[in-house]
Amino acid sequence: MALSGSGTGKHSFAFIFPVASGHTNPSLGVARSLRKQGHEVSYLSRDALRSAIEDTGANFYDNTKYIDELYENRKPDLTGAHQSLTLEYGLQNDDRITGRLKLAHIHALLSIPGTLRWLQEVGATAIVFDPLTHFEAALAAEVAGLPCAALITTAGPGSMAPSYKEMLRGSVEDFLVEASAFAPGRAAHDALHAKYGLDLPLVANSAPFGRLDCLDFCDVTLVTTSEDLQDPMDEEMAESYEGLRFEYVGPLLDEQGSKRCTGEKGNGETNDNRFSSEEDIMARVLSARQQQRPVILVSMGTMITGPNPSVGWTARSRDADGTVRGISGKELCQAAWAGAFDAFGAASSQEGPLLVVALGHQEDALEGLSPPPNAVLAPALPQVDLLRAGVSLFLTHGGQNSFTESLRYGTPVVVCPGFADQPVNGRKAVRLGVGLSVPRPMPLEHEHQQALLDYRSDVSSAIQEVFQNPAFRARAERQADQLENAGGVPRAVDILLKMANGEPDCTGPALSVSARKLGA
């Protein structure tokens with residue numbers, strides 16, 4: 001099934017992204033720029049992100065209305081129908097990454113037919129997609145004969161192995177034996193080859209472990225960091241990517257005042273009268289900056305504060321034997337927020353630093369907490385606009401977007417990581433000298449309450465240390481120029497248009513990744 005392109009004229013870009021805000025937000029500025037240049041952009045996503053997507057001028061399509069084979073009798077979730085498939089195949093006791101990789105080929109096999117129908121409907125001439133969640137988009141591009149670009153919203157191709165290992169309960173060797181023996185996955189793997197001629201490793205993203213198979217089908221992979229700040233790879237991983245093209249474009253920052261995706265709603269968001277509007281918050285921040293009053297930005301992201309049962313508000317970790325341990329997403333966020341209140345809370349709204357706090361969409365976000373008068377609160381914040389305006393310190397979960405956005409504006413950080421690449425970014429902040437990290441505690445049940453008290457105290461101490469030591473800001477500011485020079489949205493758009501036009505400097509010789517091996 002081949003879909004014809006349109007030469008070097010106007011293009012129809014198909015963007016395929018999940019309901020996960022951190023994966024979609026970096027694409028919005030790119031879509032906006034393409035629309036301003038007269039190209040069509042269509043998103044296959046989910047209704048929760050419709051407003052932000054349509055704000056770019058792009059067309060919105062709800063993937064639940066197109067991917068019939070996947071969603072028939074299954075409930076949509078963050079990245080597809082993984083939770084329903086997990087129950088369907090009896091994988092509910094697997095850790096998050098084991099279950100996801102076992103199901104990857106099944107998910108792709110069910111998703112490709114509807115994706116191809118949608119690509120035909122929108123007259124796609126090129127595809128841009130999230131390779132961390134929509135593996136099937138690259139496979140559909142291969143089947144349709146369309147140029148394809150991946151957008152990695154973590155710290156490069158080397159970031160996946162450590163993130164996967166953070167989520168894996170057992171050893172990689174045990175996982176490979178178990179996943180290779182998963183009969184439904186083997187059947188789906190064979191069906192992808194028989195039906196579409198796709199040659200894939202038997203176990204998705206595992207040859208070597210953490211390698212993104214779908215990048216083999218891409219003309220180019222855009223990475224939202226600089227080449228120097230990407231995560232390193234061991235020799236085996238670096239060699240496995242030789243011949244593929246990676247372009248390090250830095251953080252993809254949208255225009256001032258543009259809408260951002262703000263995550264899934266939780267368990268009945270409340271209209272708390274303590275919440276401030278975005279307009280009021282920006283006005284107060286700008287006023288504080290004029291008065292040379294410090295501004296402390298606090299946000300734990302959209303995933304930990306969201307409803308996802310694996311990593312969200314109520315989620316806790318399990319040991320390899322299934323023992324529940326650690327603190328929930330709610331407890332992590334509340335301890336971090338409380339640490340900020342302890343460090344900088346003042347007796348009146350005009351005293352002390354201005355605390356600007358994103359709480360997410362949970363109705364019990366402030367349960368048991370007493371925000372100080374100098375804190376302004378909101379479910380979500382215009383994060384990039386606030387960083388542009390000037391922030392003294394950013395208390396963050398350490399997601400890749402937040403981490404690179406803070407460095408792009410020379411803002412020191414305190415990282416309170418939750419999962420996946422967040423602990424890695426916390427350690428990177430310490431290594432670069434741009435901030436401190438307070439690792440998520442993993443107490444057993446009898447240690448639980450003391451661990452929460454200790455974590456709150458550790459966060460408070462870390463924030464004060466970073467705030468009081470100007471060396472952290474100086475080192476963060478040195479990173480800002482490097483990220484700006486990566487090119488951002490204009491460079492990403494230029495690369496995509498050259499890809500769509502088939503120009504040689506996009507489809508020609510690949511960039512080497514060997515220089516980013518561990519120890520290089």
- Result for side-chain contact (heavy atoms from CB on, under 4.5 Å) between S287 and one of Q291, R289, R284 points to Q291

- Query: Would T98 and D95 count as having a side-chain donor-acceptor pair, cut-off 3.5 Å?
  - Reply: yes

- Query: With no hydrogens and no angle check, is any side-chain donor or acceptor of T56 less than 3.5 Å from a backbone partner on I53?
  - Reply: yes

- Message: How close do G210 and Y241 get, counting heavy atoms only, and between which atoms?
- Response: O-OH, 4.2 Å

- Item | Heavy-atom side-chain contact between V414 and F472 under 4.5 Å | no

- Between Q450 and D454, is a side-chain hydrogen bond (donor to acceptor under 3.5 Å, both in side chains) present by the stated rule, with each step listed? CA-CA 6 Å; Q450 187 59 49; D454 291 344; 2.9 Å; yes

- Query: What's the verdict on side chain to side chain contact (heavy atoms under 4.5 Å, CB included) for F17 and V128, showing C-alpha distance, side-chain angles and the deciding distance?
  - Reply: CA-CA 9 Å; F17 285 85; V128 183; 4.2 Å; yes

- Query: For K428, which of D228, D421, D231 qualifies under salt bridge (charged side-chain N to carboxylate O under 4.0 Å, His left out)?
  - Reply: D231

- Message: For a 4.5 angstrom cut-off between non-hydrogen side-chain atoms, does R293 reach N374?
- Response: yes

- Task: Give the minimum heavy-atom separation between L49 and C261, together with the two atoms involved.
- Result: CD2-CB, 3.6 Å

- Could you grab the distance from atom CG of L222 to atom OH of Y248, nearest 0.5 Å is fine? 11.0 Å

- Query: Are any of the side-chain heavy atoms of S159 and Q230 separated by less than 4.5 Å?
  - Reply: no

- Message: Is there a side chain to side chain contact (heavy atoms under 4.5 Å, CB included) between S370 and F341? Walk through the geometry before answering.
- Response: CA-CA 8 Å; S370 298; F341 297 158; over 6 Å; no

- Heavy-atom donor-acceptor pair, R35 side chain to G57 backbone, under 3.5 Å: yes

- Message: When you measure from the centre of the six-membered ring of F209, is the NZ or CZ of R211 closer than 6.0 Å and no more than 45° off the axis?
- Response: no

- Task: Indicate the ring-plane relationship of F15 and F13, choosing parallel, tilted or perpendicular according to the 30° and 60° boundaries.
- Result: perpendicular

- Show the numbers, then the answer: is there a side-chain hydrogen bond (donor to acceptor under 3.5 Å, both in side chains) between D62 and T64? CA-CA 5 Å; D62 188 331; T64 65; 2.8 Å; yes

- Is there side-chain contact between L252 and S27, with at least one heavy-atom pair below 4.5 Å? no

- Donor-acceptor pair, D385 side chain versus G257 backbone, under 3.5 Å? yes

- Item | Side chain S392, main chain V295, donor-acceptor under 3.5 Å | yes

- Task: Answer yes or no: is there a side-chain heavy-atom contact under 4.5 Å between L215 and F246?
- Result: yes

- Message: Check whether T224 reaches the backbone of I152 with its side chain - one donor and one acceptor, N or O, closer than 3.5 Å.
- Response: yes

- Under the 3.5 angstrom rule, does the side chain of Q362 hit a backbone N or O of T305 as a donor-acceptor pair? yes

- Item | Spacing of CG belonging to L366 relative to CD belonging to Q334, to within rounding of 0.5 Å | 7.5 Å

- Item | Shortest non-hydrogen contact from L483 toward T404 | CD1-O, 3.6 Å

- Query: For M160 and T154, which heavy atoms make the closest approach, and how far apart are they?
  - Reply: SD-OG1, 3.9 Å

- Show your working on salt bridge (Lys or Arg N to Asp or Glu O under 4.0 Å) between R260 and E278 and close with a plain yes or no. CA-CA 12 Å; R260 282 168 67 94; E278 285 193 7; over 6 Å; no

- Could you label the plane-to-plane angle of the F467 and F344 rings as parallel, tilted or perpendicular, counting under 30° as parallel and over 60° as perpendicular? perpendicular

- Would you find a donor on one side and an acceptor on the other, under 3.5 Å apart, between the side chain of Y43 and the backbone of E54? no

- Query: Is there a donor-acceptor pair under 3.5 Å between the side chain of E166 and the backbone N or O of P162?
  - Reply: no

- Query: Are E255 and S258 close enough that a side-chain donor and a side-chain acceptor fall under 3.5 Å?
  - Reply: no

- Query: When rounded to the nearest 0.5 angstrom, what distance separates CG in D254 from OG in S33?
  - Reply: 9.5 Å

- Rounded to the nearest 0.5 Å, how far apart are CD of Q83 and NZ of K75? 7.0 Å

- Item | Euclidean distance, S163 OG relative to L168 CG, rounded to 0.5 Å | 12.5 Å

- Query: Does any N or O in the side chain of H361 come within less than 3.5 Å of the main-chain N or O of T262, such that one atom is a donor and the other an acceptor?
  - Reply: yes

- Message: Measuring only between side-chain heavy atoms, which start at C-beta, is V413 closer than 4.5 Å to V466?
- Response: no

- Would you check, one step at a time, whether the test side chain to side chain contact (heavy atoms under 4.5 Å, CB included) holds for M282 with L386? CA-CA 7 Å; M282 283 302 304; L386 292 170; 3.4 Å; yes

- Query: Within a strict 4.5 Å, meaning less than it, do heavy atoms of the C218 and L244 side chains meet?
  - Reply: no

- Passes salt bridge (Lys or Arg N to Asp or Glu O under 4.0 Å), R50 versus D47? Steps please. CA-CA 5 Å; R50 177 192 290 266; D47 197 61; 2.8 Å; yes

- Item | Beyond-backbone contact of H448 with I327, side-chain heavy atoms, under 4.5 angstrom | yes

- Query: Shortest non-hydrogen contact from V459 to A336?
  - Reply: CG1-O, 3.8 Å

- Note on the structure: Between K259 and S51, the two heavy atoms sitting closest are NZ-OG, 2.8 Å

- Task: Using atom types as modelled and distance alone, determine if a side-chain donor or acceptor of R325 lies under 3.5 Å from a backbone N or O of S317.
- Result: no

- Message: If we check side chain to side chain donor-acceptor pair (under 3.5 Å) with R46, which of these qualifies: N63, T24, T79, D77?
- Response: N63

- Message: Using salt bridge (Lys or Arg N to Asp or Glu O under 4.0 Å), reason through R32 and D55 one step at a time and then give a plain yes or no.
- Response: CA-CA 8 Å; R32 190 184 311 276; D55 184 64; 3.1 Å; yes

- Task: Output the distance between atom CD (E405) and atom CZ (R388), rounded to the nearest 0.5 Å.
- Result: 9.0 Å

- Message: Assess the residue pair V493 and L496 against the criterion (side chain to side chain contact (heavy atoms under 4.5 Å, CB included)); give the C-alpha distance rounded to whole Å, side-chain angles, the decisive distance to 0.1 Å, and a yes or no.
- Response: CA-CA 5 Å; V493 169; L496 291 177; 5.6 Å; no

